[in-house]
Chemist: 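Following this message is one structure expressed as structure tokens.
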There are 2 protein chains.
Amino acid sequence: MPKIVDHEQRRARILEGLVRVAGRRGIHAVTMRSVATEAGVSLRLVQYYFQTKARLMHAALLDLERQSHERWAARLARLPQPPSPRAFVEAFVDEALPSDEDSRVFHLVWTSYAVLAMTDPELAEQPFVDGPNQLERQLVDVLKRAQADGLLAGGLDARLEAARLLTLTHGLGTSVLIGQRTVSAATRVLRYHLDHLFGRSDRAQPTTASTSIS
Amino acid sequence: MPKIVDHEQRRARILEGLVRVAGRRGIHAVTMRSVATEAGVSLRLVQYYFQTKARLMHAALLDLERQSHERWAARLARLPQPPSPRAFVEAFVDEALPSDEDSRVFHLVWTSYAVLAMTDPELAEQPFVDGPNQLERQLVDVLKRAQADGLLAGGLDARLEAARLLTLTHGLGTSVLIGQRTVSAATRVLRYHLDHLFGRSDRAQPTTASTSIS
DNA sequence: TGAGTTATGATACAGATGTATCATAACTAG
DNA sequence: CTAGTTATGATACATCTGTATCATAACTCA
């Protein structure tokens, strides 16, 4: 058995190329050749490691999903256990806004895929339905716990608050990508939202070294 | 001067074809030929009336923007003058959700353009920045008026509430398009939001024959 | 060292796509 | 009726794109 090369590594490199192309020139600029060039490999290699464009695109989507899950898991792990509801929620919104360049590219490409999935049922709708639903459930749990502990403002419904928070955050992310809002403007709206969700009492005790909402 | 044909009508027909193609097969399926076929005209005519694909795409975007403005103006005109803040806001969210098939196509294509605009500065960012900003200003005015009349819940900031409402609505629309939420689920979240925005008091006095939030 | 397998290069090809060109039909004005 | 202009058809072309093919380099193992 000859010339063993790490397939996963090669594939990862190519997928990174794809994401860079899609992030800079749009997902319509993703071609076998543009990805190959961006990744610094030959067209043949993209074919070799992904066979077809459809599979390449699919693989990139799965990879984005995986990365996103990993980042979120790592973020959660960095919180004190168990995290306070407010810390949990702030970590969530901080992760969900396109704050730095990497994050911007990630959200841009992810959104591009989401739009593709709207007309292409082949392109797994799982990531765009199950993913948010799972996050929403996590948020529901945390908010219910907060409510039981009397940390939420009165008259709120945990389930609906989770949906509202998730959707609002996502909408703000989009408006940042599109250039309608700056990240800090979006952050301001979210801080306002959280201040009304939790009582105006417990504001932002930074629980991690990373940038917290402020 | 011979064979006078109504250019605007021809252009409109072609643009309708474009929107149908983009709505059914995605904006990447929009080609000179697919649009021509969908509109029932020859490739040559698409060239003749729009010269280049870039101009065709641009024209379609401007047309979508115009339609949207007209629908909103007509909707406002149907409200009692001056409309109550709650009626105004409910008309807004009702217009902003992809409820029927036409609306679904409109929002889908609009969102597709928005994603394109994220990487293509040529594609006027005006519609995606100025448009929402203008809507947001309208909402701010209405909410300030409501606040002055004591119709809003206490402790709210009209400006931030406008941003929150706009973004939340948009985010819910996206989640509907993607199939994560049904329209009625989205409506439920919005009703909840509005009930907390206005005091839990004045619920939905239907002010138009059209479907109101309920 | 040699045989066999993996990884990669070079190249070809068919189909699609945007655009250009040439011709001519359809029509109006004088 | 005819000349001239607009509107449309037919077709061609270069480029891009996904995919396939053939060759061979690179390497491992016996």
Side-chain angles (χ1 to χ4, degrees), chain A residues 1-62 109 112-113 116 119-120 122-123, chain B residues 1-62 109 112-113 116 119-120 122-123:
Chain A
M1 301 256 165
K3 196 175 190 182
I4 294 304
V5 8
D6 187 337
H7 273 228
E8 285 318 304
Q9 183 175 322
R10 275 267 191 281
R11 287 170 61 94
R13 177 172 178 179
I14 293 172
L15 293 181
E16 285 166 21
L18 185 152
V19 170
R20 277 199 301 273
V21 169
R24 178 157 21 90
R25 298 198 283 142
I27 209 170
H28 58 270
V30 169
T31 72
M32 295 278 160
R33 281 168 241 258
S34 67
V35 168
T37 301
E38 180 73 31
V41 302
S42 72
L43 167 61
R44 181 68 178 86
L45 288 198
V46 179
Q47 289 188 274
Y48 185 72
Y49 288 102
F50 293 95
Q51 293 78 46
T52 166
K53 187 186 179 184
R55 286 197 230 187
L56 171 65
M57 296 289 288
H58 193 70
L61 176 56
L62 291 183
V109 180
S112 304
Y113 268 104
L116 282 191
T119 52
D120 182 2
E122 301 293 318
L123 216 59
Chain B
M1 300 255 165
K3 197 173 188 182
I4 293 306
V5 8
D6 187 337
H7 272 229
E8 284 318 304
Q9 183 176 322
R10 274 267 191 283
R11 287 170 62 96
R13 177 172 177 178
I14 292 172
L15 293 181
E16 286 166 20
L18 185 153
V19 170
R20 277 198 300 273
V21 169
R24 178 156 22 90
R25 299 198 282 142
I27 208 169
H28 59 271
V30 168
T31 73
M32 295 279 163
R33 282 167 241 258
S34 68
V35 169
T37 300
E38 180 74 28
V41 301
S42 73
L43 167 62
R44 182 66 179 85
L45 288 198
V46 179
Q47 289 188 275
Y48 185 71
Y49 288 102
F50 293 95
Q51 291 80 46
T52 166
K53 187 185 179 183
R55 285 197 229 187
L56 171 66
M57 296 289 288
H58 194 71
L61 176 57
L62 292 184
V109 180
S112 303
Y113 269 103
L116 283 190
T119 51
D120 181 3
E122 303 291 318
L123 215 59

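Proteins get letters first, then strands, A, B, ... in listed order; numbering begins at 1 in each.
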Chemist: Select base, sugar-phosphate, or nothing to describe what F50(B) touches, counting heavy atoms under 4.0 Å on all strands.
Modeler: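 No contact.
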Chemist: Taking 4.0 Å as the cut-off, does a side-chain nitrogen or oxygen of Y49(B) come that near to OP1 or OP2 on dT8(D)?
Modeler: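 Result: yes.
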Chemist: What's the separation between atom OG in S34(B) and atom CZ in R20(B), rounded to the nearest 0.5 Å?
Modeler: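 These two atoms lie 11.5 Å from each other.
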Chemist: Tell me: CZ of R13(A) to C1' of dA7(C), nearest whole Å?
Modeler: 14 Å
Chemist: Tell me whether the side-chain N/O atoms of H7(B) come closer than 4.0 Å to OP1 or OP2 in dT6(D).
Modeler: no
Chemist: Apply side chain to side chain contact (heavy atoms under 4.5 Å, CB included) to M57(B) and Y113(B), showing your working.
Modeler: CA-CA 9 Å; M57(B) 296 289 288; Y113(B) 269 103; 3.9 Å; yes
Chemist: Starting at atom CZ of R11(A), determine the distance to atom C1' of dT6(C), rounded to an integer number of angstrom.
Modeler: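 In whole Å, dT6(C) C1' and R11(A) CZ are 16 Å from each other.
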Chemist: Say you draw a straight line from CG of L18(A) to CD1 of I27(A); how long is it, rounded to the nearest 0.5 Å?
Modeler: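 It is 7.0 Å, given to the nearest 0.5 Å.
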Chemist: Using whole Å, report how far CZ of R25(A) lies from C1' of dC16(D).
Modeler: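 After rounding, the reported distance stands at 12 Å.
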Chemist: Evaluate the side chain to side chain contact (heavy atoms under 4.5 Å, CB included) criterion for residues Y48(B) and V41(B): first the C-alpha distance (whole Å), next the side-chain angles of each, then the deciding distance (0.1 Å), finally the verdict.
Modeler: CA-CA 11 Å; Y48(B) 185 71; V41(B) 301; over 6 Å; no
Chemist: Does the side chain of Y48(A) get closer than 4.0 angstrom to OP1 or OP2 of dA7(C) through an N or O atom?
Modeler: yes
Chemist: Taking side chain to side chain contact (heavy atoms under 4.5 Å, CB included) as the test, write out the residues that go with V19(A), two or more places apart.
Modeler: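 Here the qualifying residues are L64(A), V105(A), V109(A).
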Chemist: Take T37(B) and L43(B) through the test side chain to side chain contact (heavy atoms under 4.5 Å, CB included) and record every step on the way to the result.
Modeler: CA-CA 8 Å; T37(B) 300; L43(B) 167 62; over 6 Å; no
Chemist: Write down the distance between CG (L45(A)) and C1' (dT19(D)), rounded to a whole number of angstrom.
Modeler: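 Taking atom C1' of dT19(D) as the reference, CG of L45(A) is at 15 Å.
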Chemist: Do nucleotides 16-22 of chain C as a string where each nucleotide becomes B, S or -: B if the base has a protein heavy atom under 4.0 Å, S if just the sugar-phosphate does, - if no protein is that close.
Modeler: -BBBBBB
Chemist: Closer than 4.0 Å, any side-chain N/O of S42(B) to the OP1 or OP2 of dG9(D)?
Modeler: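 Checking dG9(D) against S42(B), a side-chain N or O does come within under 4.0 Å of OP1 or OP2.
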